[in-house]
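Counting convention: from 1, in listed order, for ligands and their atoms alike.
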Amino acid sequence: MKRYDFIIAGGGMAGLSLAYYLTQSTLRDRSILILDKEFKNKNDRTWCFWERGEGTFEPIIFRKWPAVDFFGTVFSGSLNIGNYQYKMLRGIDFYEFVRNQLAKHPNIEFKQATINRVKDTPQGGFVIADDEPYMADFVFDSTFQLKLDIPEQHNLLQHFKGWVINAQNPCFDVKKPIMMDFRVEQQGDCRFIYVLPFDEKTALVEYTVFNEAVLTDYEYEVPLRNYIDRFLETGGYQICETEFGVIPMSDEPTQENPSEHVVRIGTAGGFTKPSTGYTFQRTQRYLAEIVKNLAATGSPKRRTSWFNRRFGLYDSILLNVLHKRRYPADDFFTLLYKRNHPAKVFEFLDEDTNFMEELKIMSSVPLGAFTKALFDVLKRRLL
Ligand SMILES: Cc1cc2nc3c(=O)[nH]c(=O)nc-3n(C[C@H](O)[C@H](O)[C@H](O)COP(=O)(O)OP(=O)(O)OC[C@H]3O[C@@H](n4cnc5c(N)ncnc54)[C@H](O)[C@@H]3O)c2cc1C
């Protein structure tokens, strides 16, 4: 049985990012096996996120914008996001870029195979893929399927369907993506559209819902079509690509380190921000920490200070408000962006704010609904 220093189970966003960070560290000569059932040669998703300055994947950023538009209930306008930029990275560009970088390292091996089992043993992490056994000092697993079904926790889904459309008329302002447009029926949930322009005639238009269950194709497509007809002066359009996705929005505890030689990463490791569904940037941040620890101490374990766990409490409170429908989501997001500097909101969601700044943001939201949610969350945690 072949033994490696590290096995990366799943070469998607988290797995490839981890491999890339390893090549940028003192661990660059370690033997690494990357296993994935797919070759990853399709543009299967696009990642959007906000970022200050230039990030690791700057050379392949597909589009970036210095401001974003917002359409709420009692406030609409361009959000000043300070020195953040809203960025878009296409999956295919990411996969190709990282694969090309990794190809320079003969110690990194790729295998297209379906993983049947990931297991810890006293000798190391153990993987079976297409009936072949492999061992490593550490297995980094992004293939583990989270269950997220404990009724006492908040288990919402962020699900969305989007079209890249090609319009007859030059109807998109390339400087102005729409991050959230609530001018769609809420139906008791949180539902919005975003519009990310590639050029004057091409944009990704996506219908997003936060609730408990995915919809039928028809239920995504009707509001998408209505929105395009009502608000975008396309003069007719063609659908060039379709994107569909489901992201967990959950505060159910997940295990990043289920055992000594297995580390879960990406969605499988619970790296998704529960209250927003954003996963890309958080994964980059956590993986950078993992590689730093591994290089410095030989252990990939990350530590979160007790005080920093407060962000998990804020996530649970917002999930509780959404889940219990304590306050209309479109009104809440409108107040959030109207009463706070949008750049500060981004900083808060990135968990980079201090406690005083957080109190200020929290005092800007509907206190009754959020206080009830706080008590409900505390009760659930205590019980
Ligand atoms: C359509 C879509 C759009 C998204 N957009 C955003 C966004 O804009 N911003 C953001 O922050 N987040 C976004 N997300 C959420 C998140 O960033 C992505 O899901 C991201 O790809 C998660 O990375 P990952 O490595 O955990 O999972 P993946 O990227 O899905 O990687 C897992 C890999 O494991 C492989 N695999 C799974 N099971 C097996 C098996 N048994 N054997 C072998 N290989 C296996 C898969 O083929 C895959 O390559 C989006 C998600 C989706 C689905």
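Legend: residues meeting ring pair (Phe, Tyr, Trp, His ring centres under 6.0 Å) with Tyr337, ordered by chain and number and at least two apart, are Phe70. Evaluation of the side-chain hydrogen bond (donor to acceptor under 3.5 Å, both in side chains) rule for Gln153 yields no partner, not counting sequence neighbours. With sequence neighbours excluded, the residues satisfying ring pair (Phe, Tyr, Trp, His ring centres under 6.0 Å) with Phe62 are Phe198.
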Check ligand 1 for close polar pairs with the protein: N or O on both sides, less than 3.5 Å.
unit_1: ligand 1; atom_1: 5 (N); unit_2: Thr46; atom_2: O; d: 3.1
unit_1: ligand 1; atom_1: 8 (O); unit_2: Thr46; atom_2: O; d: 3.4
unit_1: ligand 1; atom_1: 8 (O); unit_2: Cys48; atom_2: N; d: 2.7
unit_1: ligand 1; atom_1: 9 (N); unit_2: Cys48; atom_2: O; d: 3.0
unit_1: ligand 1; atom_1: 11 (O); unit_2: Thr279; atom_2: N; d: 2.7
unit_1: ligand 1; atom_1: 11 (O); unit_2: Phe280; atom_2: N; d: 2.8
unit_1: ligand 1; atom_1: 17 (O); unit_2: Trp47; atom_2: NE1; d: 3.2
unit_1: ligand 1; atom_1: 19 (O); unit_2: Arg45; atom_2: NH1; d: 3.2
unit_1: ligand 1; atom_1: 21 (O); unit_2: Arg45; atom_2: NH1; d: 2.9
unit_1: ligand 1; atom_1: 25 (O); unit_2: Met13; atom_2: N; d: 3.4
unit_1: ligand 1; atom_1: 25 (O); unit_2: Ala14; atom_2: N; d: 2.8
unit_1: ligand 1; atom_1: 26 (O); unit_2: Thr267; atom_2: N; d: 2.8
unit_1: ligand 1; atom_1: 26 (O); unit_2: Thr267; atom_2: OG1; d: 3.3
unit_1: ligand 1; atom_1: 29 (O); unit_2: Met13; atom_2: N; d: 3.0
unit_1: ligand 1; atom_1: 30 (O); unit_2: Arg45; atom_2: NH1; d: 3.4
unit_1: ligand 1; atom_1: 41 (N); unit_2: Ile115; atom_2: O; d: 3.2
unit_1: ligand 1; atom_1: 42 (N); unit_2: Ile115; atom_2: N; d: 2.8
unit_1: ligand 1; atom_1: 44 (N); unit_2: Lys37; atom_2: N; d: 3.1
unit_1: ligand 1; atom_1: 47 (O); unit_2: Asp36; atom_2: OD1; d: 2.7
unit_1: ligand 1; atom_1: 49 (O); unit_2: Asp36; atom_2: OD1; d: 3.4
unit_1: ligand 1; atom_1: 49 (O); unit_2: Asp36; atom_2: OD2; d: 2.6
unit_1: ligand 1; atom_1: 49 (O); unit_2: Lys40; atom_2: NZ; d: 3.0

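A tilted orientation is assigned to the rings of His261 and Phe138, their planes being inclined by 30° to 60°. Taking the six-membered ring for Trp and thresholds of 30 and 60 degrees, Tyr220 and His159 have ring planes more than 60 degrees apart, a perpendicular arrangement.
For Thr46 and Glu243, the side-chain atoms include at least one donor-acceptor pair closer than 3.5 Å.
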